[in-house]
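Here's the structure, in structure tokens; my notes come after.
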Number of protein chains: 2
Amino acid sequence: MKKKVVLKDIAKEVGVSIATVSYVLSNGKDGRIGKEVTAKIKKVAKELDYQPNLIAKSLKSGKTNTIGLIVTDLSNPFYAHIARIIEDEVTQLGYTLMVSSSDEKAEKSWNLIKFLMHRQVDGFIIVPTAESEDQIEHLKEKKIPFVLIDRYFPEIPSHHVVVDNYTSAYKVVENLIQTGNTKIGILTQGNSLSHMKERTRGAIAAMEKHHLTINPTWLKEINFDSVEEDIAKGIEDLLTGDDPVTAIFFASNSLAIPGIKKVNHLGLKVPTDITIASFDQGEAFDLYYSPITYVHQPLSDLGKEAVHILTTEIASPGSGYQQVNLNAKMVVKESSRKDLIF
Amino acid sequence: MKKKVVLKDIAKEVGVSIATVSYVLSNGKDGRIGKEVTAKIKKVAKELDYQPNLIAKSLKSGKTNTIGLIVTDLSNPFYAHIARIIEDEVTQLGYTLMVSSSDEKAEKSWNLIKFLMHRQVDGFIIVPTAESEDQIEHLKEKKIPFVLIDRYFPEIPSHHVVVDNYTSAYKVVENLIQTGNTKIGILTQGNSLSHMKERTRGAIAAMEKHHLTINPTWLKEINFDSVEEDIAKGIEDLLTGDDPVTAIFFASNSLAIPGIKKVNHLGLKVPTDITIASFDQGEAFDLYYSPITYVHQPLSDLGKEAVHILTTEIASPGSGYQQVNLNAKMVVKESSRKDLIF
DNA sequence: CTTTATTATTAAAACGATTAAACCTATATT
DNA sequence: AATATAGGTTTAATCGTTTTAATAATAAAG
């Protein structure tokens, strides 16, 4: 079993000190070392296939060139997509990404943050869970750079990059109203979080603006731990209650997918029996027989902005919080275009 | 700006040596250190909120407790799902995951591997790209533990975990034949890779077994860099050529999604106009008006097996190669059940 | 009252790199 | 000839931890 080649090995082989080798191999430009020695060191380094040990370098420099990304669920295509964009972005800047999923659990998130801090990551990009304010405060106390994405805590000043959830929800619900719906069910999840609050607020604002009376039972909050059941029950309620709705707005893709399944299962036709719109994109939306109207979040911008803010913060800490609100695009398709169908 | 708390700080505060502190904090059980001292060190450590520096630990121990995962594209739900499973598995074992995407490019993959090696990852889980044999050989030479998943190189002995692609493809194509199709188009991608070879071989074997004559133009290889175009053209060819097919087998989900879009676009009805089946699961498959027949890969088993093999190899290297072939499940739905529709 | 065993603690080296400062040596300057 | 300057290289400290081997202190044994 060959040992790893380290600077010492090269130094010994060439007959110089470790420092000299280090200078040649890292500060190539600097030219402080004589020509022949430089050449010989480079030659030997290549021959022995020297590979630098970034752990040692990190210990010395205090920088790991590593970024921790915490999403709620990497297997959710929405977050996977964000992760991929962030990955590309940080890789290009010479960073490596450590990805983890919190499953919307504050405790898991806490563990991940602590673990990655021990690993000395240079910074975090986080999709914060409910009740994780203390974790964010902790990062601030410890002066660890971080950027929140998708959601944030209005009462805690921090960098964040989110979409304009209020306006997007407003527009999409307005679209539902304009196609003739006056009774609209809204499925949400994680209502204590900023993004959901905003989406709900936007949806209701649209209804109020159009002078619709809102029945509180039309708002269904879905529990993270019992999505399937809650959605099945919620949709049945919405459609068979005293005051049935004619349209449903799903406030995220993870609600829409099982939701649409349920609608299929009930044998309802979209958009004739029921009108549908959703937040987030999903490959299933386009393939559906009645393609789903949705709010398309600019994931690429979101990821890039977050990385940019984070790396700037890492490079020069403490120069004011960047708080970015991105515009989302509403994509209107058949699922909410009764006008076109009839 | 408070500095980080290190062992030295605790030592100074308590009035003992660094070594003593280290003993107490890492070998808690060992009890070599006196009771009162132990108690005091623990107390001070808590007070100062000491957090161990895992980088320093890694340098000393030569272990980083870090695993590199290289998939072809994290934004592909198939790989995202695998990544999530692997993440859960390694997290539980105290490892952290570094995830990267190779985009099916050997060069990218090479860079990622080198980069992660410099970072001293303890091992790799890799979805190998075409022409990356040298990278695999390199890892073997350097004695870096790794496990290949999804595909492998038959000529290079190594750990790997894959599904039984041959049998799965055989079965699904046989299903297409049994529902009355004699002319079946096959869309593949990355044909030099083991999994695709096996899927193609299985598909053809099924056709031969049932004495169908196979027209070579029915086999369409899709280029990674021009998926949309190739698929559009391929499907048009298949359906409008001299010898049009009545069924299409998509050899992966990344072919099926754009493929089905194209089928929709052409205004063809599934399964009446055309029968469809695919490899891999996808949330769109179930939601499609004519749910797609597919091969369901046991991703959970695949991920868990890979992690298990890798961590065992890390713990005790060089005890023979584990080569696992998992059975996949065929899920027959309407897209290939003409019998049920008529 | 030595000697030996036992317990508690620490000094120091090591992991693999970086880097400020010191140290030669040879040439240029006065 | 004495001194300054520059070029080339090395010494040694440092990052935060672990761990071997040594030491000091105390108790038990002879």
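Letters A, B, ... mirror the listed sequences (proteins, then strands); counts begin at 1.
Between the NE2 atom of A/His118 and the P atom of D/dG16 there is a distance of 15 Å, rounded to whole Å. Summarising the geometry, the separation between OH on B/Tyr23 and C1' on C/dA11 is reported as 12 Å, rounded to the nearest angstrom. Note: CZ (B/Arg119) to C1' (C/dA17) measures 15 Å, nearest angstrom. For the pair B/Ile33 CD1 and C/dT10 C1', the interatomic distance rounds to 9 Å; values are reported in whole Å.
The salt bridge (charged side-chain N to carboxylate O under 4.0 Å, His left out) analysis of residues 76-85 of chain A, with sequence neighbours excluded, yields the pairs A/Arg84-A/Glu87, A/Arg84-A/Asp88, A/Arg84-B/Asp73, A/Arg84-B/Asp103. Contacts classified as side chain to side chain donor-acceptor pair (under 3.5 Å) and involving residues 302-319 of chain A (residues at least two apart or in different chains) are given here: A/His159-A/Glu313. Sequence neighbours left out, the pairs with a member in residues 89-98 of chain B that pass side chain to side chain donor-acceptor pair (under 3.5 Å) are A/Arg119-B/Thr96.
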**Report entry** Base versus backbone protein contacts along nucleotides 23-28 of chain D [heavy-atom cut-off under 4.0 Å; B, S, -]
**Finding:** ------

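Under 4.0 angstrom from either OP1 or OP2 of C/dT18 there lies at least one side-chain N or O belonging to A/Ser22.
Nearest to the side chain of B/Lys60, among C/dA17, C/dA14, C/dT9, sits C/dA14.
Of the residues in residues 5-21 of chain B, those lying under 4.0 Å from DNA chain C by heavy-atom distance are B/Val16, B/Ser17, B/Ala19, B/Thr20. Of the residues in residues 47-57 of chain B, not one comes within less than 4.0 Å of DNA chain C through any heavy atom.
The backbone N or O of B/Pro128 lies less than 3.5 Å from a partner atom in the side chain of B/Arg151, making a donor-acceptor pair. In this structure, the side chain of A/Ser58 engages the main chain of A/Lys63 through a donor-acceptor pair within 3.5 Å. Judged by distance alone, with hydrogens and angles left aside, the side-chain atoms of A/Gln135 form a donor-acceptor pair with the main-chain N or O of A/Ala106 at under 3.5 Å. Between the A/Asp122 side chain and the A/Thr64 main chain, a donor and an acceptor come within less than 3.5 Å of each other.
A salt bridge does not link A/Glu107 with A/Lys114: every distance from a Lys NZ or Arg NE/NH1/NH2 to an Asp or Glu carboxylate oxygen is 4.0 Å or more. Salt bridge annotation for B/Lys4-B/Asp9: absent, with no cationic side-chain nitrogen under 4.0 angstrom from a carboxylate oxygen. Using a 4.0 Å cut-off between a side-chain N of Lys or Arg and a carboxylate O of Asp or Glu, B/Lys43 and B/Glu47 qualify as a salt bridge.
Side-chain atoms of A/Thr66 and A/Gln120 include no donor-acceptor pair closer than 3.5 Å.
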